[in-house]
Amino acid sequence: MTDRQPGFDTLQIHAGANPDPATGARQVPIYQSTAFVFRDADHAAALFNLQEVGWIYSRLTNPTVAALAERIVALEGGVGGICCSSGHAAQIMALFPLMMPGNNVVASSRLYGGTYTQLTQTIKRFGWGSKLVDFDDLDAVRAAIDEDTRAIFCESIANPGGYITDLDAIAKIADEAGLPLIVDNTSASPYLCNPIKHGATLVVHSTTKYLTGNGTVTGGALVDSGKFDWGASGKFPSLAAPEPAYHGLNFYEALGSMAFTFHSIAVGLRDLGMTMNPQGAHYTLMGIESLSLRMEKHVANAQKVAAWLEADDRIETVTYAGLESSPYYDRVERICPRGAGALFTFAIKGGYENCVKLIDSMELFSHVANLGDARSLVIHPASTTHRQLSDEQRAAAGAAPNVVRVSIGIEDPDDIIADLDQALTKALA
Ligand SMILES: *Cc1c(COP(=O)(O)O)cnc(C)c1O
C-alpha cells in the first residue's frame with residue numbers, strides 16, 4: 001500500500017479490521033467471549049495499570065466491539081473512542097468524565113425527544129443540570145454559560161425538523177468559554193458531516209440509526225477529537241487531576257490526547273457498564289460497510305420527496321434544509337456538503353386528527369419510533385416522541401400538532417411519493 005490517506009469509502013470497509021491473526025478470517029469475527037486469558041501475572045498487572053493495551057473482560061473492551069469503535073473513529077477523524085449499548089448510553093458516557101454534582105450542560109432546544117428528557121429530567125438524579133436554549137441565538141448560548149457549565153451539547157442535523165446547527169459558530173463560543181463541545185451526529189452520519197472539522201471536541205452517535213442502517217440493533221458510539229486541553233482550566237478533575245476511581249491516576253498527564261478514551265474504558269465502562277456486545281457490534285459492522293452508498297440514496301430520495309411535498313397544496317410547510325426555502329439552506333454547503341440528510345418534518349393543512357389519520361393510512365412507510373433505517377419511517381411527534389412536553393416546548397422543538405416527522409428510506413422514490421399521496425388524500429378527505 002502507498003502512504004496515501006484512504007478515502008471514506010475505503011475506511012468504512014477496512015478501518016479497524018485486519019485479517020484475524022489467529023485464523024486469517026477476512027471478516028471481523030464475533031469474539032463471543034467474556035474474558036481473555038493473561039499470558040502471565042506481569043501481563044495482567046500491565047493491562048490493569050494501562051501500561052499495555054490488551055483484552056481483559058468484555059465489559060471494558062472486546063475485539064469485535066473495538067474494531068467497530070476504531071472504524072467509527074476513523075470515519076469521524078478522531079483519535080479514540082468507545083462503543084456503548086445505545087445512543088443514550090453514549091451521551092451519558094460523554095458527560096460522565098466532565099460533570100460533577102452541581103455542574104450543568106448548555107444544550108440546544110432542538111433535540112431528539114429522548115435526549116430532551118434525558119438532559120432536562122433524568123440527569124438531575126446525578127446532581128447534573130441543563131440549560132436548553134435556541135442555538136440559532138448565539139447571544140443566548142453565550143448567556144446560558146456560567147461558572148458551573150462543563151459542556152455544550154447539540155445535534156449536527158437536529159431533530160425533528162432536520163435543522164442544521166452552525167457548528168463553527170457554536171464551537172467558537174465553546175472555545176472562548178474553555179468548554180468542550182459535544183455533537184450528536186446521528187442524523188447526519190459521518191458521511192454527511194464531520195463535527196470535529198467544525199471544532200467539536202466529542203462526537204456521539206446512536207449507531208442504531210444510519211451507521212447500522214438496517215434496524216437490527218441498538219448501539220452507541222463516542223469519539224474524541226483528542227484536541228481539548230483538559231488541564232487548562234482546572235474544571236475537569238476526573239481527567240486532569242488524580243482520579244480517585246482509578247488509584248489516583250491523572251489520565252491527562254499519563255495519556256495525553258487519549259485521556260478521554262482511556263477514562264471512558266477504565267472508569268466509565270468499568271463502573272457504569274453501558275457496554276456494546278460483540279453480536280451487536282457485528283450487525284453494525286455489516287451495515288457500516290455500505291454507509292456512503294446508502295447516504296447518497298437517502299439524500300437523493302429525501303430531496304425528491306421534500307420537493308414534491310413542498311409543491312403540494314395539501315402541505316403547509318416542509319422543513320428540509322435541502323430546499324431553497326429553508327432558512328438552513330445556506331448552511332448545507334458548509335456543514336454537510338454531501339446533503340442535508342433524510343430526516344425532516346412537514347405540516348399538513350388540518351390538525352392533530354388529520355395527522356393521526358395520515359399516519360394510519362400509510363402503507364409503505366412504517367409507523368415507528370426510529371430513524372435512519374433503509375425503510376421509510378414516519379411518526380407523529382406530538383402524540384409520541386414529544387408527547388411528554390408542554391405545548392410551548394413542543395412548538396420550540398418543531399413538533400406542533402399538525403407536524404409529521406419522516407425518515408426517508410432508500411426505496412424507489414416514486415413509491416415513497418405515491419404512498420404519501422394516497423395517505424394525504426385519505427387524511428384530508
Ligand atoms: C435515536 C437517537 C438517539 C438515542 O439513541 P438510542 O440508540 O436509541 O439510545 C440520540 N440522538 C439521536 C439524534 C437519535 O436519533
Side-chain angles (χ1 to χ4, degrees), residues 65 68-69 72 76 82-96 105 107-123 130 132 135 153-165 167 182-193 195 200 202-223 272-277 280-281 283-284 287-288 295 298 302 319 321 335-336 340-345 366 368-373 375 377-379 381 384-386 388 397-399 405-409:
V65 178
L68 175 62
I72 296 171
E76 286 290 3
I82 56 161
C83 288
C84 308
S85 49
S86 70
H88 270 3
Q91 292 169 193
I92 293 295
M93 290 292 294
L95 293 172
F96 175 67
V105 49
S108 169
S109 52
R110 295 191 188 88
L111 293 171
Y112 177 75
T115 305
Y116 195 98
T117 317
Q118 186 187 61
L119 295 185
T120 58
Q121 303 299 329
T122 304
I123 65 172
S130 66
L132 270 56
F135 269 38
F153 185 98
C154 63
E155 298 176 4
S156 49
I157 299 183
N159 262 280
Y163 315 103
I164 295 175
T165 307
L167 297 180
I182 307 170
V183 176
D184 180 345
N185 199 30
T186 300
S187 314
S189 89
Y191 184 66
L192 300 182
C193 176
L202 302 166
V203 179
V204 291
H205 275 284
S206 167
T207 60
T208 314
K209 314 293 170 49
Y210 291 107
L211 293 181
T212 302
N214 47 42
T216 47
V217 68
T218 56
L222 165 57
V223 176
L272 299 179
M274 299 172 171
T275 310
M276 181 182 276
N277 68 77
Y283 289 117
T284 304
I288 208 169
M295 293 316 292
H298 277 295
T319 61
I335 306 288
C336 45
L343 178 76
F344 61 90
T345 61
S366 305
V368 296
N370 192 13
L371 59 95
D373 196 316
R375 291 150 198 80
L377 311 174
V378 64
I379 199 158
T384 57
T385 52
H386 289 63
Q388 267 96 26
R405 187 191 78 184
V406 285
S407 169
I408 301 297

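Sequential numbering from 1 along the given sequence is applied to the chain's residues. Just so it is clear, the values below take in all heavy atoms, side chains as well, and ignore hydrogens, waters and symmetry mates. Everything quoted here is computed from the prediction, not taken from an experiment. One-based numbering, in listed order, for ligands and for the atoms of each.
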Using side-chain hydrogen bond (donor to acceptor under 3.5 Å, both in side chains), reason through T218 and S86 one step at a time and then give a plain yes or no. CA-CA 5 Å; T218 56; S86 70; over 6 Å; no

Which is it for [X] and ligand 1 at heavy atoms under 4.0 Å: side chain, backbone, both or neither?
X	value
N370	neither
D184	side chain
N159	side chain

Among residues at least two apart in sequence or on other chains, which ones pass ring-ring contact (aromatic ring centres under 6.0 Å, His included) with Y116? none

Sequence-distant partners of Y112, ring-ring contact (aromatic ring centres under 6.0 Å, His included), two or more places apart: H88

Quick check on side-chain contact (heavy atoms from CB on, under 4.5 Å): which of L343, L111, T345 does N159 satisfy it with? L343

List ligand 1 atoms under 4.0 Å from [X], heavy atoms only on the residue side.
X	answer
T186	12 (C), 13 (C), 14 (C), 15 (O)
Q91	10 (C), 11 (N)
H88	4 (C), 5 (O), 6 (P), 9 (O)
G87	5 (O), 6 (P), 7 (O), 9 (O)
G219	7 (O)

Would you name the heavy atoms of D373 and G215 that are closest together and state the gap between them? OD2-CA, 3.6 Å

Check I72 against A221 and note the closest heavy-atom contact, atom names and distance. CD1-CB, 3.8 Å

Donor-acceptor pair, S130 side chain versus L119 backbone, under 3.5 Å? yes

Taking H298 for the side chain and I408 for the main chain, is one N or O donor matched with an acceptor at less than 3.5 Å? yes

Looking only at protein heavy atoms, which one is nearest to atom 2 (C) of ligand 1, and what is the separation? K209 NZ, 2.5 Å

Min N/O separation S206 to ligand 1 under 3.5 Å: yes

With only distance considered, is T208 within less than 3.5 Å of ligand 1 through an N or O on each side? yes

